[in-house]
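Heavy atoms only: backbone and side chains are in, while hydrogens, waters and symmetry mates are out. Order of listing sets the numbers, starting from 1, for every ligand and every atom in it.
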Amino acid sequence: MAYETINLDVDDHIALITLNRPDALNALNDVLMGELADALKGAQENEKVRCIVITGSEKAFAAGADISMMKDKSFVDVFSGDLFTPETDQIMRVRKPIIAAVSGYALGGGCELAMMCDFIIASETAKFGQPEINLGVVAGIGGTQRLTRLVGKSKAMDMNLTGRFMDAEEAERAGLVSRVVPVKKLMDEAMGAAAKIAEKSMITVMVVKEAVNRAYEVPLREGLLFERRAFHSLFATEDQKEGMAAFVEKREAQFRDR
Ligand code: DAK
């Protein structure tokens, strides 16, 4: 399917999705969110794809939900239309890892989209923010919830109440992003991380994703139990036998996703 607001490239087991509404700094509208959800569903279903990278432009990952699209909507419109819920549900259903490669603005829904990914690699120019308060609204897809879990109450309150932006260095310090690299190296770094993940056993990769995400859903005791059972269950795979045999035999493991 040809997309209007995103580009999709699948190569070397990696699906690279580039948000592409340059005139609006990749603001998220119905079309873009629909296309993103469709591309992610396709990547999930495509057996060749082992890792997904979502990026924007050098100037903006995404400057938020499209304000022009939202400005005249009523409560009934947004409530009945359930703005972005099917699309965000689709993002959360993806079992393969998703890396956000963020340069420039990641604001409002853009910051929230990055946080829906499994981890964020940022360039030195990245700026994160939840400026919805300046528009008389509150964040709507995780800016008060995921951000609070990632950076703690104090910074989440600061960001959501003042609408200020956090630069890449602060975002790394606060635990919002996993790495910060020079802008010219961003895609190499993100694609390199994706390639590294693509070498692993897909079964194990998906279990890691489930287990880490579990930490956000359940009490520690339940999370630890889930992790332990996940560990036990992987002994039923050929990839566990291969991984451990390869270590003992001092060779590279050849995983077969079995
Ligand atoms: N929406 C629409 N257009 C946008 C936009 C946005 N969010 N951000 C930028 N643009 C457009 C600008 O209008 C401008 O268009 P033209 O005037 O050239 O036609 C073009 O992109 C370039 O922007 P600027 O001229 O403003 O560029 P600057 O470098 O001067 O400033 C900026 C860059 C990022 C600081 C500034 O554009 C800005 O403040 N943008 C708005 C940022 C913002 O407030 N973001 C939060 C939006 S609210 C929900 C789901 C999601 C959400 C809520 C609920 N539910 C499921 C319930 C999310 C809400 C939001 O994200």
Practice item. Write out the residue and atom name of the closest protein heavy atom to atom 42 (C) of ligand 1, then the distance separating them to 0.1 Å. Key: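 Checking every protein heavy atom, the shortest distance to atom 42 (C) of ligand 1 gives A63 O, 3.3 Å.
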Review point. In the protein, which heavy atom is nearest to atom 31 (O) of ligand 1, and how far is it?
Key: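 Protein heavy atom with the smallest distance to atom 31 (O) of ligand 1: Y105 OH, 4.4 Å.
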Looking at [Y], is its backbone amide N or carbonyl O close enough to the side chain of [X] to form a donor-acceptor pair, meaning the two atoms are under 3.5 Å apart?
X	Y	answer
K59	Y105	no
D82	T85	no
D12	I14	no
R50	A198	yes

Could a heavy atom of [X] be found less than 4.0 Å from some atom of ligand 1?
X	value
K59	yes
T85	no
V78	no

Could you tell me, atom by atom, which parts of ligand 1 come under 4.0 Å of a heavy atom of [X]?
X	answer
L107	34 (C), 42 (C)
L83	55 (N), 56 (C)
G64	61 (O)
F84	50 (C), 51 (C)
G109	58 (C), 60 (C), 61 (O)
D23	15 (O), 20 (C), 21 (O)

If the threshold is 4.0 Å, N to carboxylate O, is there a salt bridge linking [X] and [Y]?
X	Y	value
K184	E124	no
E210	R214	no
E170	R164	yes
R146	E112	no
D239	R256	no

How about [atom]: does it have a protein heavy atom within less than 4.0 Å?
atom	answer
atom 24 (P) of ligand 1	no
atom 8 (N) of ligand 1	yes
atom 61 (O) of ligand 1	yes
atom 13 (O) of ligand 1	no
atom 17 (O) of ligand 1	no
atom 21 (O) of ligand 1	yes
atom 44 (O) of ligand 1	yes
atom 54 (C) of ligand 1	yes

Review point. Minimum heavy-atom separation for L28 to F84, with atom names?
Key: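 Scanning both residues, the minimum pair turns out to be O-CZ, 3.4 Å.
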Should one rank [options] by closest heavy-atom distance to [atom], which comes out on top?
atom	options	result
atom 2 (C) of ligand 1	T88, D66, N29, I141	D66
atom 37 (O) of ligand 1	I133, L135, V138, L25	L25
atom 58 (C) of ligand 1	G140, A106, A65	A65
atom 5 (C) of ligand 1	P22, A24, G81	A24

Exercise for review: May I ask you to test the P97-F119 pair for a side-chain heavy-atom distance under 4.5 Å?
Suggested key: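 A side-chain contact under 4.5 Å is absent here.
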**Study point:** M33 side chain near I6 side chain, heavy-atom distance below 4.5 Å
**Key:**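 Not in contact.
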Review point. In terms of side-chain heavy atoms, does T5 have a donor or acceptor partner in E35 at a distance below 3.5 Å?
Key: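 Yes, because at least one side-chain N or O of T5 sits under 3.5 Å from a partner of the opposite role on E35.
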Check your understanding: Do the side-chain N and O atoms of D38 and Y3 include a donor-acceptor pair separated by under 3.5 angstrom?
Key ->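 On atom types as modelled, these side chains qualify, holding a pair under 3.5 Å.
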**Study point:** Min N/O separation I67 to ligand 1 under 3.5 Å
**Key:**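 N/O-N/O distance under 3.5 Å: yes.
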**Study point:** Whether over 12 other heavy atoms sit under 6.0 Å from K185 NZ
**Key:**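 No, the 6.0 Å shell around NZ holds no more than 12 heavy atoms from other groups.
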Check your understanding: Counting heavy atoms only, which part of A27 comes closer than 4.0 Å to ligand 1: side chain, backbone, both or neither?
Key ->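 The answer is the side chain of A27.
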